[in-house]
Number of protein chains: 2
Amino acid sequence: MLDRVRRLVLSGGFSPGAPLSEVFLAQEFDVSRTPIRETLKQLQHEGLVEIRPKVGTFIREPTRREIVELFQLKESLEGLAAGLLARRGSVPELGVLEHNIEESDRAAVDQDATRYAALVHEFHRTIITGAENSKLVEHYDRLMNQLAYHRLVLRTAEHPGRIRASTGEHRAVLTMIRDKDHFGAEAAMRNHVHASAREVLTDARTAPVELSS
Amino acid sequence: MLDRVRRLVLSGGFSPGAPLSEVFLAQEFDVSRTPIRETLKQLQHEGLVEIRPKVGTFIREPTRREIVELFQLKESLEGLAAGLLARRGSVPELGVLEHNIEESDRAAVDQDATRYAALVHEFHRTIITGAENSKLVEHYDRLMNQLAYHRLVLRTAEHPGRIRASTGEHRAVLTMIRDKDHFGAEAAMRNHVHASAREVLTDARTAPVELSS
DNA sequence: CTAACGTTTGATGCATGCAACAGCTTCTGG
DNA sequence: CCAGAAGCTGTTGCATGCATCAAACGTTAG
């Protein structure tokens, strides 16, 4: 139930601020209001919706400031993941990551933005899960849900210049992991996420952003 | 409602694995099962309890591995916070932190472990909130809830040796923040959390721990 | 015309009741 | 004495109904 409602919210079918009536969702999923209510409370806890008591539930649009905050967190968490992965004894993910970058390159020259975005997502997620820290995965997922990934990133993926820079940064991260340089891997990943965040934030709107330094 | 039940769980009145019956909690707080159910679902999402479908809700004891994972995250998040704080233009928290360390020193010489632990907690929390990143605060709170702070840390605070080392590390962090050395502040904080985690983990049980490097 | 007020409406908040199921207990056949 | 099955019990899962309240609307006095 939770996943189904979450998917509905993240699908983008509703514009931010749109009301999510309990009775509507109940009819939509053919259940009673009770399980819907439980679900909405959890989604509120995830930051995806806002429940105004006695009024209703609304899809939450993160403010620009919150997006900056989320990217700061993303940078930290992904850096941690890359470092942990580089520290592991054997890293069976290396092959997957290598293959992913090759595919990404191909998608880049084909200008296939959708496929490229999917590959980038897979690259990052492979590193997160490869860190073998289940709590990190939980926090990361939570983070990415709030970032409403698709809306922001898919738009960015349409820029060819960004595509090239991104695969280069991915290669840098991969090299550090292969060399078991956990300090370098963390730095490379943080640099990559930082650059990517700056790109997304300057692209998404016109207002200037200070992400930090 | 959520806070009340959470406090009850964190109070330590129930041993890990103890069942949390909905009807019991409903009577305890003099409400019906419905709001209790909603609350438990959220606490499950926070990782504090485990809901076995059709069976019941139980207080969740994190495994040793999960505690290690949580400390890895803690190190990363607190490092981020210290760095962000050091980057801020003006840092009004400096006075509070300075005062806190002085009080901590006093509590240390008095061997007042409880007061010392409270001050340490306040020190860390001041830095977290001082980073001015609301999402970071959310994730941090979530993290600390799962760590069942009191149980692990209060025990550690009883070691005088650790007390002295800890205030020293606190001072190092504070100095870096005052100097606006965000790189150093992050490193100092991570070092401090790492050492503290190692202390807690080796103290809590007898088994050896590899936190990382 | 405007501002304040009462009314209406639509939603949530919660209590309650029933069905369904996991796990334990007990009974029975060997 | 033991293994397996049947039922028993306590719990959750969910539907439903009523009370409550916020916001919108219309009404009326000034």
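Note on naming: letters A, B, ... go to the chains in the order of the sequence lines (proteins, then strands), and numbering restarts at 1 for each one.
A:P53 comes within contact range of the sugar-phosphate backbone alone, with a heavy-atom separation under 4.0 Å but no base atom that close. B:S21 comes within contact range of the sugar-phosphate backbone alone, with a heavy-atom separation under 4.0 Å but no base atom that close.
In this structure, CZ of A:F58 is placed 14 Å from P of D:dA22, rounded to the nearest angstrom. The nearest whole Å value for the distance from the NZ atom in A:K41 to the C1' atom in C:dC14 is 10 Å. Atom CZ in B:R37 sits roughly 14 Å away from atom P in C:dA15 (whole-Å rounding). If you measure from atom CD1 of B:I51 to atom P of C:dA22, you get 16 Å, rounded to the nearest angstrom. Rounded to an integer number of Å, the gap from CG of B:L25 to P of D:dT11 is 12 Å. Between A:L40 atom CG and C:dA11 atom P there is a gap of 14 Å when expressed in whole angstrom units. Between the CG atom of A:D30 and the P atom of D:dA15 there is a distance of 8 Å, rounded to whole Å. Residue B:Q27 contributes atom CD, which lies 13 Å from atom P of C:dA15 at whole-angstrom precision.
Heavy-atom minimum distance, B:L85 versus B:L97: CD2-CD1, 4.4 Å.
Between B:H139 and A:H139, the ring-plane angle classifies as tilted under the 30° and 60° cut-offs. Using the six-membered ring where Trp is involved, B:H124 and B:H192 have ring planes that are tilted, between 30° and 60° apart.
Remark on DNA chain D: of its neighbouring residues A:T34 and B:T57, the 5'-side contact belongs to B:T57, judged by nearest-heavy-atom nucleotide. Mapped onto DNA chain D by nearest heavy atom, A:R33 and A:V55 fall at different nucleotides, with A:R33 at the one closer to the 5' end.
No hydrogens or angles considered: nothing links the side chains of A:T57 and A:E50 as a donor-acceptor pair under 3.5 Å.
Picking from C:dT16, D:dT12, C:dG13 the nucleotide with the shortest atom distance to the side chain of B:S32 gives C:dT16. Among the nucleotides D:dG13, C:dC14, D:dA22, the one closest to the side chain of B:K54 is D:dG13.
B:R65 and B:E69 are joined by a salt bridge, as a carboxylate oxygen and a charged side-chain nitrogen come within less than 4.0 angstrom of each other.
Neither OP1 nor OP2 of C:dA22 sits under 4.0 Å from any side-chain N or O of B:R52.
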